Amino acid sequence: MPTREPARPHGRPAGRAHGRHGPARRPARRGLGDVLAGLGALVLLVALVGGVPYALLKYVGPPIDPEQFDVRTLLSQAGPSTITAVLVLLVWLAWFQLFVCVLVEVYAGVRRVGMPARVPMSGGTQALANKLVGAVLLLFTTGAMVAPIVKLAPAPAPPPMTAVAYSAPIVEKATLDTQQTKKVYVVQPPHGRHHESLWEIAEKCLGDGRRYHEIYRLNQAKEQPDGSKLRMADLIRPGWVLDMPDDARHTHTVPVGQPREQTLRDHPGRAEVPRSVEQRADRAEEKAEQKKDVERRAENRGRAKHRLPEQDRRLPEQERREQPVVREAQSGALMDYLAPASLAAAGLLFVLSRRRREQLWNRLPGRRTARPRGDAAEAEVALRLGADAPGARILDIGLRLLGAELAARHRTPPTVYAAHLSARTLDLWVHPPDPDPPPPWTAQDGGQVWRLPAHEGRLLEDQPGGAPYPGLVSIGANAGGRVLVDLEAAQGLINVRGPQTTAALAAIAVELATNRWSDRMRVTLVGFGEELTAIAPDRIRAVGGLAEVLPELEAAAAPREQVLTGRVTGSPREAHYLLSAVAPTHEEARRLALLARRDTAGYVVAGDIPHATWTLEITDDGKARIAELGFEVEAQLLPRRHYRALVELFRTAGRMEGEPIPEPEPLVGLHAPAVEIRLLGPVEVRGLRPLEEGRLALAAEMLVYLATHPGGVHPVVLGGVLWPRGVQDLVRDATIARVAEWLGPDHLLTDEAGRLRLGPEVRTDWMLFRELVRRARGDAMARPVLLEKALGLVRGPLLAGRPPGRYAWLAAEDLEYDVAAGVADAAHQLCELRLAQNRPDAAVAAVRQALLLAADDEGLWRDLLRATHATQDGVRLRAVVEGLTRRAASHPYGGALAPETEALIEELLPTWRIHVVRESSA
């Protein structure tokens, strides 16, 4: 989880680790030599800053003498007086340069802002000022010296470096060549409430916290083992491997080319610190820390029995092995881009759910559908967190309603060149301005903006009308919401430029291919994106060059007004968008420009394109600008790693072979637990006193996560799961303490490694379900009864009613996949047993119980059809068929039935299609 460096009052660093494992801070001490040097430096500074200008003014004069620098005098004669005047001016300039350097050094030393600012062309002068000011400040402060200025001249080659490894017996020193090794520091996990910061690492390893800028510059934008990068100096994460300056101490020495992942494996802990260094803490500092410890103990004495013990500094190696995906999600690397892309995330999840429904059609008993892992799983976590499904629905239904109302009034839809979607409104910028939009839309700014309030949009019913503006696509977000532009509205080429051109094009392609506010669409990618066809093969195609598609585009061009009218009157033409990462030749650019002016399609082309209608500029700092429209937003991008993660996520959803369901751990007994966490339906926690409504959701999610991870979870990992966007340590620790108090001392335990786990008297209904099914396999006589008891635990969908944004971690876990498959398989077994016993009504009841949770598993629907047919009640069978077909037709992820289901219906009820047609006609 990201750790933010707290504010440092009075120049002190952030909170430090305590105890013998953490190197103690060594305050500066002033000896007689320091005092004399400081006094001498003070006298010299006063003489240079005050004495020099005084002497110049008294004996020489001001910097510029108007008489000496008179233009006519200079042109007519130049004698010794003129040369003297020039020399005086140079002395004044040199003094002014020194004065500025002194001001900069004093500001840096007093304010403790870190490395002093560099004064241009003042290398030697600023170095002198740095030493003088540092010596003077040492007289008045117990802080460290002002950070030294790096000399402009190249430093001499350093001598060979000696790496010292400290252990119980001190091993012999090994001499290594500095050209082949470097020093690194491994950022450690939190200790209690303490997190490491760059300031603290600099103070510990470089002797001065203000040198943290040096560590920042060495590591800026370098990829870390978790895939993320250092972007802000006050955000570092446990497990990062930081390159350190050559003079750093208490570090690890590794080969220069060694990957950071290997360094972390070889050196998971902090470098050992010599005992002599640990003992250099000032006695007063130690007493102050002891006093703080006493105060903390006194403060917590009243709730000591519920207090969590101090957490280990280091996540155990077992934790790293058991929680690889959670640690990645915690890192936020993929979340940086995927979660903020809220509309694209909603579209991707919609298409992904449709693909998984098809996976369920092919699921075999005893196997679960294939689930994503690694970056693919982390990508889905980010999508679940960021997806704005309500916003995408408002955009879809609102635009379709607008088109239908305009068509009913025989009005041509206006050009919409941009849109803004916020939590309160959907705004469309239209051209030309029109003050008369159809309700519930209203006009703003003299008709330049058509607005749909969000509360009105949420009440709209699904619209059968066509999609008038399929080319609306997000370019990014501002403080108020998401900004979209219509690629068709440019009516010319859109030129995209900048260092992340391909990432911008990939983000546009993904949202276009998955959005819900379009019908028939084709996206042609030129020079990139061949793998994106795995996401939407019916919409995306990739070609190598523009020459492959230009003739086809020119032949299919159609005027804009005709296309818009067709979309809202029921005769839509396929929307087409060209996204090219390849710069066109001069002739290709000319043909594209002519084509874009007379065609409705959208054309976004990289490279230096003259006469483009709009230019989408992606800046170095991640901004997206369209100067012609006056937009500047945080760009929506899909970098290479995120791109690959999405592709792998959809490839996994296309695997039909499935995976075996792992065997559960046996339960010791089936007695009622002290605390029961119910997952197989709405979330419930039984056996505890009621908790405040505002805190129950978070506490319940914590218990669900701990219950499904019986090996234990480190608090750092738990914090990253429950607050994936980050949380203050105080909030996390207070929440854990509150849940511990709610559970009681026997039900939330902590092991030696600091991991939290639930006690043996806390159990979930899913654990009991699996135990009943396991025992049913070994007892043929009791099998029907045990399976019936297991299915009786099912009350609805898994964790039904969970709040939006919560439980996104399920995407990276087995739970959803195991529960759906396990419940369906148990119902299938019981259905077969009851049919063999000639008890079709009991078979029907078993299947319907499972459908409460696994309604998308069409294997269960086929079991229901067979069991209902066995009752020999034709009316009842027809009702099941009609209900199934209606459900399929209105299913949010697709309106088809599995071919195997249709074949079974044909066999059991040959006349079913006639009834379906009559039903739809009525």
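For the numbers below, each heavy atom of this structure counts, side chains included, while hydrogens, waters and symmetry mates do not. What you see is a predicted model; the values in this text were computed from it and never measured.
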query = Is any side-chain heavy atom of R655 less than 4.5 Å from a side-chain heavy atom of R371?
reply = no

task = Please examine the side chains of L452 and L460, heavy atoms only from C-beta on, and report whether any two atoms are closer than 4.5 Å.
result = yes

message = Quick check on R757: does its CZ atom have over 12 non-hydrogen neighbours (other residues, nucleotides or ligands) under 6.0 Å away?
response = no

Euclidean distance, L512 CG relative to I540 CD1, rounded to 0.5 Å = 8.5 Å

task = Without swapping roles, check the side chain of N362 against the backbone of E358 for a donor-acceptor pair under 3.5 Å.
result = yes

request  = For residues V717 and V713, determine if any side-chain heavy atom of one lies less than 4.5 Å from a side-chain heavy atom of the other.
outcome  = yes

key: A870 to L835 - nearest heavy-atom pair and separation   = CB-CD2, 3.8 Å

ask   = Any side-chain donor-acceptor pair under 3.5 Å between Q636 and E511?
value = yes

message = What I'd like to find out is whether the side chain of V762 reaches to under 4.5 Å of the side chain of P673, using heavy atoms alone.
response = no

ask   = Looking at R384 and E380, does any basic side-chain N land under 4.0 Å from a carboxylate oxygen?
value = yes

inquiry  = Whether the side chain of Q359 engages the backbone of T652 through a donor-acceptor N/O pair (distance < 3.5 Å, no angle test) should be reported.
reply    = yes

Option passing side chain to side chain contact (heavy atoms under 4.5 Å, CB included) with T868 (candidates V880, V847, D841) = V880

task = Assess whether atom CD of Q872 is packed by more than 12 heavy atoms of other residues, nucleotides or ligands within 6.0 Å.
result = no

task = Look only at the side chain of D765 and the backbone of L768, and say whether a donor-acceptor pair between them is shorter than 3.5 Å.
result = no

Ionic contact status for R393 with D396, cut-off 4.0 Å = no

task = Tell me, with the steps shown, if L338 and L646 meet side chain to side chain contact (heavy atoms under 4.5 Å, CB included).
result = CA-CA 9 Å; L338 293 178; L646 287 180; 4.0 Å; yes

query = Where do P840 and A867 come nearest, in terms of heavy atoms and distance?
reply = CB-O, 3.7 Å

message = Is it the case that the side chain of Q849 and the backbone of V794 share a donor-acceptor pair, with hydrogens and angles ignored and the cut-off at 3.5 Å?
response = yes

query = Does NZ or CZ of R516 fall inside the cone over F350's six-membered ring, less than 6.0 Å from its centre and within 45° of the axis?
reply = yes

ask   = For the atom pair CG (L426) and CD1 (I397), what is the distance rounded to the nearest 0.5 Å?
value = 12.0 Å

ask   = If we only count heavy atoms from C-beta on, is the I394 to R458 side-chain gap below 4.5 Å?
value = yes

ask   = Please walk me through it: do R866 and E907 pass salt bridge (Lys or Arg N to Asp or Glu O under 4.0 Å)?
value = CA-CA 10 Å; R866 284 189 287 266; E907 176 187 342; over 6 Å; no

Under 3.5 Å: donor-acceptor pair, side chain of R482, backbone of P340 = yes

message = With a sphere of 6.0 Å drawn around CZ of R887, does it hold more than 12 non-hydrogen atoms of other residues, nucleotides or ligands?
response = yes

Separation of W517 CH2 from R400 CZ (nearest 0.5 Å) = 11.0 Å

message = Treating R802 as the side-chain partner and A697 as the backbone partner, does any N or O pair qualify as donor plus acceptor under 3.5 Å?
response = no

Candidates E659, R356, R367 - the one meeting side-chain hydrogen bond (donor to acceptor under 3.5 Å, both in side chains) with Y817 = R356

query = Is the shortest heavy-atom distance from the side chain of V819 to the side chain of W766 under 4.5 Å?
reply = yes

inquiry  = Pair E663, R777 - check salt bridge (Lys or Arg N to Asp or Glu O under 4.0 Å), show working.
reply    = CA-CA 12 Å; E663 286 293 322; R777 288 198 296 268; 2.9 Å; yes

ask   = Okay, side chain of R763, backbone of H671: is any donor-acceptor separation there less than 3.5 Å?
value = yes

task = Give a yes or no answer on whether the side chain of E701 reaches the backbone of Y807 with a donor-acceptor pair at less than 3.5 Å.
result = yes

key: Separation between CG of L884 and CG of L904, rounded to the nearest 0.5 Å   = 10.0 Å

task = Using a strict 4.0 Å threshold on nitrogen-to-oxygen distance, state whether E771 and R774 make a salt bridge.
result = yes

task = With side chain to side chain contact (heavy atoms under 4.5 Å, CB included) as the test, would you mind laying out the steps for L758 and L743 before giving the verdict?
result = CA-CA 9 Å; L758 297 178; L743 278 175; 3.9 Å; yes

query = Is there a donor in the side chain of T901 and an acceptor in the side chain of R862, or the other way round, less than 3.5 Å apart?
reply = yes

key: Donor-acceptor pair, side chain of W809 and main chain of V381, under 3.5 angstrom   = no

task = From the options L532, V351, T533, select the one residue that forms a side chain to side chain contact (heavy atoms under 4.5 Å, CB included) with F650.
result = V351

inquiry  = Classify the ring geometry of Y705 against H709: parallel below 30°, tilted from 30° to 60°, perpendicular beyond 60°.
reply    = parallel

key: R738 vs E741, salt bridge (Lys or Arg N to Asp or Glu O under 4.0 Å): CA-CA, chis, key distance, verdict   = CA-CA 5 Å; R738 189 182 303 118; E741 183 179 3; over 6 Å; no

inquiry  = If I compare all heavy atoms of A824 with all of D857, which pair ends up nearest, and what's the gap?
reply    = CB-OD2, 3.5 Å

inquiry  = Please report the interatomic distance CG(N515) to CE(M521), rounded to the nearest 0.5 Å.
reply    = 5.0 Å

request  = Using a strict 4.0 Å threshold on nitrogen-to-oxygen distance, state whether R363 and E858 make a salt bridge.
outcome  = no

note = Shortest non-hydrogen pair, L385 vs G805, comes out as CD2-O, 3.6 Å

request  = For I661 and D825, run side chain to side chain contact (heavy atoms under 4.5 Å, CB included): C-alpha distance rounded to whole Å, both residues' side-chain angles, the deciding distance at 0.1 Å, then the answer.
outcome  = CA-CA 11 Å; I661 303 175; D825 285 351; 3.9 Å; yes

inquiry  = With a 6.0 Å cut-off (strictly less than), is the heavy-atom count around CD of E684, excluding the residue itself, greater than 12?
reply    = yes

task = For E676 and T764, indicate whether the former's side chain and the latter's backbone hold a donor-acceptor pair under 3.5 Å.
result = no

inquiry  = I need the M335 CE to L383 CG distance, nearest 0.5 Å.
reply    = 10.0 Å

request  = Could you verify whether a donor N or O on one side chain and an acceptor N or O on the other, from R539 and T514, lie under 3.5 Å apart?
outcome  = no

task = Mind listing the closest non-hydrogen atom pair of A454 and A423 along with its distance?
result = CB-O, 3.4 Å

inquiry  = Can you give me the closest heavy-atom contact between L851 and L860, atom names plus distance?
reply    = CD2-CB, 3.7 Å

ask   = Any side-chain heavy atom of P784 sitting closer than 4.5 Å to one from L830?
value = yes

request  = Let me see the working for M702 and L718 under side chain to side chain contact (heavy atoms under 4.5 Å, CB included), right down to the final yes or no.
outcome  = CA-CA 8 Å; M702 181 185 299; L718 189 61; 3.9 Å; yes

query = Does any non-hydrogen side-chain atom of V685 lie less than 4.5 Å from one of R678?
reply = no

